Amino acid sequence: ADEGTLAWLNYATGQLAGSGLCILAAYRTQDRDILAGWQRALSRAACGSHLHLKTLDGQVVQTLMQFTGASRETTAELAPYLHEATGGNAYFLLETIRELLESGSLQEIPLPIPLPQTVREAVLRRADRLSPLTRQVLDMAAVLSPLLDIPLLAETSARSELEVAGALDDLVRRQLLVPDDPRFRFQHDLTREAIYREISDWRTRLLHRRAAQVLEQQPDRQTEYTAVIARHYEEAGDYDQAIAGYRQAAVEAQAINAFQIAAGNLRQALQLLPTGEESASLRSDLLERLGDCQRLGGQFDAALSGYQEALFFTEEENFLSRARILRKTAEALWPMDRPQEAIETLRQAAKLLKPLLEKNRSSAWPEWINIHLTMSWSYYWSLDLNGILTSLAEIKPLFDEVGFAEQKQRYVVYTTLAEFLRCRYRLDPQTVAITRQHFEMAKQTGNQYFTAETEFRLGFTLLWSGDPAAARKHLAHSL
């Protein structure tokens, strides 16, 4: 409040008794010192009451939404987004709901949540009162969010940590940011959006580039930063770096079985990739990786489409890549109960490798092994014992020379499965002995997951063969 408003409030307070006039005023916590004189006047006149307002919780937001005419399903889905965007701020919330009502956007969830002009103006009025230093830090925070800590803000803003700490104190005091130990965050997402939109386009690109470069240099950089760095490069218009970043983020996500996240990063990279022959090889690589994520995530139809598109962008003379993509196509076919199609696809893949094998190209032999291992698995699903044994016999001589550890593990698994088929699942002592041998081989690989999986199979074999006491020991240990 300005001096004129404060003077009027002090005057009016003395005239309230018996006037029938009610003054309703709201203020922020950080402004209480400014209003201390008026509050003392209210106490002397014994005509004032004070109510501390908290932010609205998610349940209240959902209750408010019920009065908008939105469907119950939309209300249930939209309320959490509204609460997160507004932080439960009653004014921001009501203005956002008003914006949704006036634009007719309540029939489906509008993402991102629209920024009402009234909210934008309210945020910018507060930001305009900041010092140039504090405003600079606030702008950088809007770009860098949610990774807001003093060292990162100092480095990206080219300010000392002491200067940034002072600016953050001011921003917290004005309730634009809130502490979230050990970092800071915006009080509301709409606040960040209002500040971000006010930054000029050219300056936004520079700030995003600066953020990406600083994050890349962090010595203890977490893997989750990779996609964040890619996004900053994308916003900076540096698409080559962004594509490389999204691809690496997908690799890191896939390594921890986060297939949906990996697929999202790959789609983002594909959107940025320019059309034309010069990018065909990279497009094929990204599409193949997307197919991998979809296949491993159980989306087999989508994986087949991805592999087909990857083949389209792969050069006809690139026999090794085409064979690999065909083999992965087969790996998506057999879970769909299409083992014969998978086997035929694998035969096509093996045929593509023949010219390379005749020239003794060492790079082709590992893929040749993979093709026959996958063929063994497809034969298993067709209950074709001879097919499994023939495929395994084809590659056994190659293992010591060119086989990888993972391939040797798969060979052990498929040999066990062949034994199961041979004895028609009536497990005899020979099958148990072979499964024990495979368990000992697995322990030598040093792969804990594979060893546990193989021991579980041993326990299951012992249980099936009628030795529950021995089975219990191995099953419990493997779990």
Side-chain angles (χ1 to χ4, degrees), residues 28 55-56 58 61 64-65 68 74 77-106 108-130 134-149 152-153 156-157 167-168 170-180 183-212 215 227-237 242 264 268:
R28 301 181 185 280
T55 56
L56 305 179
V61 175
L64 282 172
M65 286 290 297
T68 64
T74 300
E77 292 187 47
L78 183 56
Y81 289 108
L82 282 173
H83 184 260
E84 182 180 356
T86 62
N89 180 295
Y91 175 69
F92 284 9
L93 177 64
L94 292 173
E95 288 300 305
T96 303
I97 291 176
R98 189 196 312 276
E99 178 78 12
L100 293 173
L101 283 169
E102 291 177 354
S103 62
S105 303
L106 279 176
E108 57 185 23
I109 299 177
L111 293 178
I113 298 296
L115 174 66
Q117 183 66 18
T118 51
V119 173
R120 176 179 175 275
E121 291 172 353
V123 171
L124 294 181
R125 280 196 299 270
R126 294 163 61 192
D128 288 343
R129 294 195 288 267
L130 299 174
T134 303
R135 182 60 187 267
Q136 180 193 0
V137 173
L138 181 63
D139 287 352
M140 194 68 239
V143 170
L144 199 58
S145 180
L147 304 177
L148 305 182
D149 59 32
L152 272 178
L153 282 168
T156 51
S157 301
L168 289 172
D170 192 17
L171 292 171
V172 169
R173 186 168 56 252
R174 296 176 183 272
Q175 296 184 337
L176 289 165
L177 297 180
V178 293
D180 190 15
R183 294 176 175 171
F184 297 81
R185 61 178 174 81
F186 276 89
Q187 179 88 340
H188 322 289
D189 285 350
L190 293 181
T191 300
R192 188 208 69 82
E193 187 178 350
I195 298 298
Y196 183 83
R197 288 190 186 181
E198 197 66 9
I199 307 171
S200 63
D201 290 344
W202 62 268
R203 188 160 170 259
T204 299
R205 290 193 292 271
L206 290 174
L207 292 178
H208 277 292
R209 183 176 296 120
R210 175 67 175 165
L215 286 170
V228 175
I229 293 169
R231 180 183 64 81
H232 282 304
Y233 274 129
E234 178 184 355
E235 296 295 340
Q268 197 65 24

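Computed from a predicted model, the values in this text were never measured in an experiment.
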Kindly determine whether Arg197 and Glu193 satisfy salt bridge (charged side-chain N to carboxylate O under 4.0 Å, His left out), including the steps that lead there.
-> CA-CA 6 Å; Arg197 288 190 186 181; Glu193 187 178 350; 2.4 Å; yes

Can you tell me if Arg192 uses its side chain to pair, donor with acceptor, with the backbone of Ser145 under 3.5 Å?
->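 The answer is no, because no donor-acceptor pair under 3.5 Å joins these two groups.
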
Examine distances only and state if a side-chain atom of Gln175 and a backbone atom of Gln187 form a donor-acceptor pair shorter than 3.5 Å.
->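 No, because the side chain of Gln175 does not come within donor-acceptor range (under 3.5 Å) of the backbone of Gln187.
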
NZ/NE/NH1/NH2 to OD/OE distance under 4.0 Å, Asp201 and Arg205 |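 Looking at Arg205 together with Asp201, the answer is no, because their closest N to O distance does not fall below 4.0 Å.
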
Can Arg173 and Asp170 be counted as an ion pair, charged N to O under 4.0 angstrom?
->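 Salt bridge: yes.
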
Which heavy atom of [X] sits nearest a heavy atom of [Y], and at what distance?
X	Y	value
Ala242	Glu234	CB-N, 3.6 Å
Val137	Leu153	O-CD2, 4.3 Å
His83	Leu56	NE2-O, 3.0 Å

So how far is it from [X] [atom1] to [Y] [atom2], rounded to the nearest 0.5 Å?
X	Y	atom1	atom2	answer
Leu124	Ile195	CG	CD1	5.5 Å
Ile199	Leu138	CD1	CG	8.0 Å
Glu95	Thr86	CD	OG1	12.0 Å
Asp128	Arg125	CG	CZ	9.5 Å
Leu177	His188	CG	NE2	11.0 Å
Leu215	Leu147	CG	CG	6.0 Å

More than 12 heavy atoms of other residues, nucleotides or ligands under 6.0 Å from CD of Glu84: is that the case?
->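 Not more than 12 within 6.0 Å, no.
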
Could you label the plane-to-plane angle of the His232 and His208 rings as parallel, tilted or perpendicular, counting under 30° as parallel and over 60° as perpendicular?
->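 Because their plane-to-plane angle lies in the 30° to 60° range, the rings of His232 and His208 count as tilted.
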
Flag the pair Asp139 / Arg203 as yes when at least one side-chain heavy-atom distance between them is below 4.5 Å, and no otherwise.
->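 Touching, per the 4.5 Å side-chain cut-off.
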
Test side-chain contact (heavy atoms from CB on, under 4.5 Å) on Leu130 and Arg174 and set out the steps.
-> CA-CA 9 Å; Leu130 299 174; Arg174 296 176 183 272; 3.3 Å; yes

Taking Phe186 as the fixed residue, which of Leu171, Asp180, Leu148, Leu176 is the one that meets the side-chain contact (heavy atoms from CB on, under 4.5 Å) rule?
->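 Answer after filtering Leu171, Asp180, Leu148, Leu176: Leu148.
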
Evaluation steps, side-chain contact (heavy atoms from CB on, under 4.5 Å), between Glu198 and Arg120 = CA-CA 9 Å; Glu198 197 66 9; Arg120 176 179 175 275; 2.8 Å; yes

